[in-house]
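Notes follow the structure.
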Amino acid sequence: NSVSRRIFKNPIALFVGGTAAVILELAEPAVRAGVWEHSSFRQNALGRLQRTGLAAMVTVYGARVVAESMIARIVQIHSSVRGTTPSGTRYCANDPNLLAWVHATAAYSFASAYSRYVARLDEAEFDRLFREGAPIARLYGAQDCPLSLAEMNALMDRMRLTLGPSPIIFEFLSIMRAAPALPHSLRWMQSMLVRAAVELVPDWLRARLGLSRAFGLRRHERWLTQLAGAATDRIILPSTPAVQSCVRLGLPVTYLYS
């Protein structure tokens, strides 16, 4: 009955929210350096997206023992990811503060995508999602993650002097528009969904990053994205992690879609 299981079953919320989360992550210089210098995103964007999506699905819908084992492997991999930003600041992927930013922005972005383009969430539901993700964030090594929307907004305010623009953000958006992330018949929607993700970035940060109105949705596209989000929230596919988790728990396959 969690908010997490409701949100993560929706592919529109996942694509839009995941893209928005990466924009917010890349706005932080140390996270940006770690992601861009130590991942395969530029060489194999689709593979990187699929692995990230799989990790999210296992965390939300998988059995506890499977999720905890996967997280432990990721933490071990991250222990060797370290370096120096262009400004000379040293970083490590297992830094608790950087991990807190990554987990907080992911929760915020997925919830915002679902609320704006699928079905409206109230503040209490946002708060529930942050609280549901707290034990997972601690397993990754994050500390002091926001436990409410108010705490997330406060974190955003504290980060104002840290977050900044980079050509890497525009390269990322270009990759997301071109990577074959959607089925061929739906590929025409991909650029629109990337623009929908830009819309989730707070206005003050969009201005700082140089994401002008041209990077956001056209008026008719906002309606079309909401139509796609609502439609996909009712599609039940037996092979999806959400449906399989219902089967594993002895629930009707329609349980998360009622």
Side-chain angles (χ1 to χ4, degrees), residues 3-27 35 39-57 60-61 105-121 129 168-203 205-206 209-243 256-257:
V3 179
S4 302
R5 286 189 172 225
R6 193 192 328 165
I7 289 174
F8 277 79
K9 77 179 188 299
N10 187 281
I12 298 297
L14 288 185
F15 184 91
V16 174
T19 303
V22 177
I23 295 172
L24 293 174
E25 291 165 15
L26 293 178
V35 169
S39 79
S40 60
F41 212 108
R42 283 172 291 182
Q43 295 78 28
N44 182 18
L46 185 58
R48 179 67 164 75
L49 290 170
Q50 289 172 335
R51 290 193 297 275
T52 301
L54 176 61
M57 292 296 102
V60 174
Y61 297 113
T105 52
Y108 171 83
S109 298
F110 286 125
S112 296
Y114 190 89
S115 184
R116 187 171 300 190
Y117 302 120
V118 182
R120 181 67 62 182
L121 300 176
L129 181 74
I168 287 174
I169 294 174
F170 296 96
E171 185 178 351
F172 164 71
L173 292 175
S174 178
I175 290 172
M176 289 303 298
R177 288 190 291 266
L182 299 183
H184 189 270
S185 60
L186 299 177
R187 200 73 49 76
W188 61 272
M189 294 179 59
Q190 195 158 318
S191 291
M192 179 183 73
L193 296 181
V194 173
R195 289 193 289 274
V198 172
E199 292 274 328
L200 300 181
V201 178
D203 290 343
L205 184 55
R206 279 186 66 176
L209 299 179
L211 297 173
S212 64
R213 184 175 298 179
F215 287 89
L217 287 171
R218 287 63 165 162
R219 183 174 301 177
H220 73 281
E221 290 179 333
R222 184 170 291 103
W223 170 83
L224 190 56
T225 304
Q226 291 170 337
L227 182 65
T232 53
D233 215 40
R234 296 189 294 269
I235 297 175
I236 303 174
L237 299 175
S239 61
T240 60
V243 173
L256 294 175
Y257 298 82

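- Here the side chains of Phe110 and Val3 are not in contact, with every heavy-atom distance at 4.5 Å or above.
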**OP:** For side chain to side chain contact (heavy atoms under 4.5 Å, CB included), just list the numbers for Lys9 and Leu14, CA-CA rounded to whole Å, side-chain angles, deciding distance to a tenth of an Å, and then say yes or no.
**Re:** CA-CA 8 Å; Lys9 77 179 188 299; Leu14 288 185; over 6 Å; no
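- For the residue pair Ala113 and Gly17, the shortest heavy atom distance occurs at CB-N, 3.6 Å.
- Leu211 has its side chain within reach of Ile23: a pair of non-hydrogen atoms, C-beta onward, lies under 4.5 Å apart.
- Atom CG of Leu237 sits about 10.0 Å away from atom OG1 of Thr232, to the nearest 0.5 Å.
- Going from atom CE of Met189 over to atom CD of Glu221 covers 10.0 Å, rounded to the nearest 0.5 Å.
- Counting only N and O atoms by type, the side chains of Tyr114 and Asp233 include a donor and acceptor under 3.5 Å apart.
- The closest side-chain heavy-atom distance from Arg222 to Arg116 is not below 4.5 Å.
- Atoms CZ and CD, on Arg120 and Gln226 in that order, are 8.0 Å from each other to the nearest 0.5 Å.
- Looking at Val118 and Ile7, their side chains never come closer than 4.5 Å, going by heavy atoms from C-beta outward.
- When atom types are taken as modelled, the side chain of Arg177 and the backbone of Gln190 share no donor-acceptor pair closer than 3.5 angstrom.
- Scanning both residues, Arg206 and Val198, for their nearest heavy atoms gives CD-O, 3.4 Å.
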Original post:
Would Phe172 and Thr19 satisfy side chain to side chain contact (heavy atoms under 4.5 Å, CB included), going step by step from the backbone distance to the final call?
Top reply: CA-CA 9 Å; Phe172 164 71; Thr19 303; 3.9 Å; yes
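- Within the model, atoms OH of Tyr108 and CG of Leu129 stand 12.5 Å from one another, a figure rounded to the nearest 0.5 Å.
- What you find for Ala21 and Ala106 is that their closest heavy atoms are CB-CA, 3.9 Å.
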**OP:** Applying side chain to side chain contact (heavy atoms under 4.5 Å, CB included), run through Arg218 and Met192 and close with a yes or a no.
**Re:** CA-CA 9 Å; Arg218 287 63 165 162; Met192 179 183 73; over 6 Å; no
Subject >> Tyr61 and Phe8: CA distance, side-chain angles, deciding distance, ring pair (Phe, Tyr, Trp, His ring centres under 6.0 Å) verdict >> reply: CA-CA 9 Å; Tyr61 297 113; Phe8 277 79; 7.2 Å; no
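- Distance check, rounded to the nearest 0.5 Å: CG of Leu182 to CH2 of Trp188 gives 10.0 Å.
- Between Val201 and Phe215 the shortest side-chain heavy-atom distance does not fall below 4.5 Å.
- Side chains of Arg234 and Tyr257 form no contact here, defined as non-hydrogen atoms less than 4.5 Å apart.
- Rounded to the nearest 0.5 Å, atoms CZ (Arg195) and CG (Leu173) are 11.0 Å apart.
- Put simply, the side chain of Arg6 reaches to within 4.5 Å of the side chain of Leu121, judged on heavy atoms.
- Counting only heavy atoms from C-beta outward, the side chains of Leu209 and Leu26 never approach each other to under 4.5 Å.
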